[in-house]
Amino acid sequence: MHLDEGHQDDEHEHKTLDTVIVRATRSGRAVNDEPVRVEVINREEIEEKAIMRPGNVSMLVAETGGVRVQTTSPALGAANIRLQGLYGRYTQLLSDGLPLYGGQAASIGLLQIPPTDLSQVEVIKGSASSFYGGSALGGVINLVSRRPGNAAAGEVLLNLTTEDGQDLTSYFETPLNDQLGVSLTAGAHRQTAQDFDADGWIDMPSYERWTARPRLFWDAADGSTLYATLGFMTEQREGGTLPGHTVPDGTAFSQNQDTTRLDGGFIAERPLSDTVTLNLRGSAMAQDHEHRFGPSVEKDSHENYLIEASLSGGTPGTNWLVGAAFQSDDYTSDAFPVFDYTYNVPGLFGQIDHDFSEALSVSVSGRLDGHSEFGTQFSPRASILYKPGDVTIRASYGRGFFAPTPFVEDIEAAGLSRLMPLSDLQEETAETASMDVGYRRGQIETNVSVFGSNVDAVTELEAFASTPGGALDRVRLVNALGKTEIRGAELLFRYFWNDFKLTGSYLYLDATENAPLGGRREIELTPKHSAGFVAMWEQHGRGLLGFEAYYTGEQRLDGNPYRATSKPYLHLGLLGQITMGRASWFINAENLLDVRQTKEHPLVLPARAPDGQWTTDIWSRNDGFILNGGVRLKF
């Protein structure tokens, strides 16, 4: 259940929902009083999605309205998050408000974060650069961790799949005294390579992954608080051709990626007076990759650092925040040092929220960044909330920027070997605006949103021939001419009846860009129509039963020799869980219709693409029917 509009069956539970505090906007407001629209996925829904996909958070965010998880590397299964049609690289992924996964989180990173220790997930759509700088041009997804309670507790989850996948996750928490609590989450995940169409190319890559994250929470009697965390992850992922098989040019082409990531962060708050609070936060992330693209091996490292200080305060009806930050993003490549970069970005930011009345609130924020490569950038955002009775009206406008790097989606999938050195690139900028009207009364909840974005200087790949008259065998990054224009609408309907919850959603997207020969064309891999329906029965302490159906419409395909437009497809799923004491036994059936892209056309291209890829883009599912099941033990 999403809490952006909230729901419960009585007034007491309504008041409980209203106290859900949003962290991503830094205002400290309850979700229903926040002028910026924030969709909050609560712990109940996290637990439901965790038994569908215990190894990562992709399932958790994929079924949120206006959010699309897009596969970016068919060979490795990598994916990123697109918010309301904007490019996935514009989405900032945070952990408790900290960029623990980097300033520009790699697509593979989405698949390496387990949902075990999350209490809620917050989604802000549209430019959030005024809050978090250039990496949040398209929006923010903030993963909020669970806090230890008053007694020691824990859980262990074991999951097995019909495609020879295994997940073992654990979470433990305990108070050490009245002020100090700690938690630890750890997991082991494994998948065997699968070739569903028996063509010698791996459709589901193999991987082995280990994760661990301890957290510390301290709350002093004077109101001071401290949160600190460390994270470790290591993974070996293998795709490409199976042993003894080749791609069409007659050579074997393995595509592997080994990843090691270490990160840490802290948030400290101390009251300076009855109305002013000092906030300090910082984080560091170091990630090493070893990629293999056939005969080419690329070793690289990413480092990201943040240090920030701010003051916040307020009077009845008004809250304010001012602060300064310094963020550094560093990339180093052993094989291709010409692509090394270091971005240093000092910034000043401020925010003010004011309630003109019980029904009308306004939030204004802005950020001034001094980017070491792209100069001074100003990112404003303004939001308004009006609540006349059972109706809630919100409107927002924001501007932001994105500092280009070599790692657009295709380069993440293909590597750097065929990319020309970057030159004369401009920053990507966007204006985003939205308006939504929600209604909640009794058992019914509805919401209608309209939104639009104009993006300038989008970086894209341009293919060219390295020899005159030769085949296209190289690519370069260029800024697209003209604007990328995205217009759309979201519809949401929920009905609650006793232990049943019905949810229906629809997303319309009109996303276009300049065509090479003039005029405009649809952005590739962006369905104009998509819809979903979920029916869930749940009784706490007994079990749950759920059915889901998701429709994805036609998409324009680029560089696909087999077809220019995708087919629409339907995804159906069933979920069941029985709780007996401390044990909850679950079974989940995904993709009941056995939809698989390789049933429509081959995944492997007849010839290698100019950027180096050997596969078409993924426009559908590529895994077919999968059954998973297991047990969750709570202590």
Side-chain angles (χ1 to χ4, degrees), residues 18-36 38 40 92 94-99 119-120 122 124 128-133 136 140 142 144-145 147 178-181 215-229 265-283 305-327 345-358 360-370 378-385 396 398:
D18 290 344
T19 62
V20 174
I21 302 300
V22 176
R23 312 284 184 85
T25 60
R26 309 192 188 200
S27 66
R29 284 174 170 258
V31 63
N32 290 337
D33 298 327
E34 178 61 68
V36 178
V38 183
V40 180
Q92 173 72 80
L94 301 171
S95 176
D96 292 305
L98 300 172
S119 66
Q120 66 186 42
E122 303 167 348
I124 300 177
S129 294
S130 66
F131 300 137
Y132 295 103
V140 166
N142 186 32
V144 181
S145 59
R147 293 182 63 91
D178 292 341
Q179 297 181 342
L180 187 64
R215 303 181 192 268
L216 178 146
F217 303 84
W218 177 70
D219 296 279
D222 66 353
S224 298
T225 64
L226 175 65
Y227 161 77
T229 183
F266 74 91
I267 301 174
E269 291 187 358
R270 180 177 177 83
L272 301 182
S273 69
D274 292 339
T275 58
V276 178
T277 300
L278 172 66
N279 182 295
L280 300 174
R281 62 178 63 200
S283 66
Y305 304 96
L306 168 71
I307 187 69
E308 178 186 295
S310 62
L311 293 174
S312 61
T315 58
T318 302
N319 295 314
W320 56 267
L321 171 80
V322 293
F326 178 84
Q327 190 159 357
V345 190
L348 301 173
F349 57 90
Q351 179 178 339
I352 185 167
D353 298 338
H354 181 68
D355 300 329
F356 288 95
S357 67
E358 290 187 0
L360 181 64
S361 302
V362 172
S363 176
V364 178
S365 57
R367 186 180 183 106
L368 187 67
D369 287 309
F378 178 60
S379 304
R381 179 168 178 139
S383 303
I384 187 170
L385 167 66
S396 287

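These values consider heavy atoms only, across backbone and side chains, with no hydrogens, waters or symmetry-generated copies.
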Residues in salt bridge (Lys or Arg N to Asp or Glu O under 4.0 Å) with D222, at least two apart? R270

Can any side-chain N or O of Q351 pair as donor or acceptor with the backbone N or O of F131 at less than 3.5 Å? no

Under a 3.5 Å threshold, yes or no: a donor from one side chain and an acceptor from the other, between D355 and S361? yes

Note: A324 and F349 closest approach over all heavy atoms is N-CE2, 3.7 Å

What I'd like to find out is whether the side chain of L180 reaches to under 4.5 Å of the side chain of L216, using heavy atoms alone. yes

Any side-chain heavy-atom pair of N319 and R29 under 4.5 Å: yes

Atom pair CZ/OG1 of F266 and T229 - distance to nearest 0.5 Å: 13.0 Å

d(L226 CG, F217 CZ) to nearest 0.5 Å is 10.5 Å

Taking the cut-offs as 6.0 angstrom to the six-membered ring centre and 45 degrees off its axis, would you call R367 and Y132 a cation-pi pair? no

Flag side-chain contact, heavy atom, 4.5 Å: R381 against V36: yes

I384 side chain reached by L360 side chain, heavy atoms, under 4.5 Å: yes

Hey, what do you get for CD (E308) to OG (S283), rounding to the nearest 0.5 Å? 9.5 Å

Taking every heavy atom of W320 against every heavy atom of L311, the minimum-distance pair comes out as CZ3-O, 3.4 Å

One pair to check against side-chain contact (heavy atoms from CB on, under 4.5 Å): T277 and N279. What are the steps and the verdict? CA-CA 6 Å; T277 300; N279 182 295; 5.5 Å; no

Where is the tightest heavy-atom contact between Q179 and A221, given as atom of each residue plus distance? NE2-N, 3.6 Å

Please answer whether the main-chain N or O of G97 pairs with a side-chain N or O of N142 as donor and acceptor at a distance below 3.5 Å. yes

Are the side chains of S310 and V322 in touch, meaning some heavy atoms are under 4.5 Å apart? no

So, taking the atom named CD in Q327 and the one named CD1 in I307, what distance separates them when rounded to the nearest 0.5 Å? 11.5 Å

What do the steps show when you test Y227 against D219 for side-chain contact (heavy atoms from CB on, under 4.5 Å), and what is the final call? CA-CA 9 Å; Y227 161 77; D219 296 279; over 6 Å; no

At their closest point, which heavy atom of S130 faces which heavy atom of S379, and how far apart are they? CB-O, 3.2 Å

Is the closest side-chain heavy-atom distance between R147 and S119 below 4.5 Å? no

To the nearest 0.5 Å, what is the distance between CG on L306 and CZ on R281? 8.0 Å

Look up atom OG in S224 and atom CH2 in W218, then write down how far apart they are to the nearest 0.5 Å. 5.5 Å

Using modelled atom types only, decide if a donor and an acceptor are shared between the side chain of D96 and the backbone of S145 within a distance under 3.5 Å. yes

For I124 against A24, the heavy-atom pair lying closest together: CD1-CB, 3.8 Å

My understanding is that only residues two or more places apart in sequence, or in another chain, count here; which of them pass side-chain contact (heavy atoms from CB on, under 4.5 Å) with Q120? V20, V40, E122, V144

Side-chain touch D353/T25, heavy atoms, less than 4.5 angstrom: no

Residue pair L321 / S312: nearest heavy atoms and the distance that separates them: CD1-CB, 3.7 Å

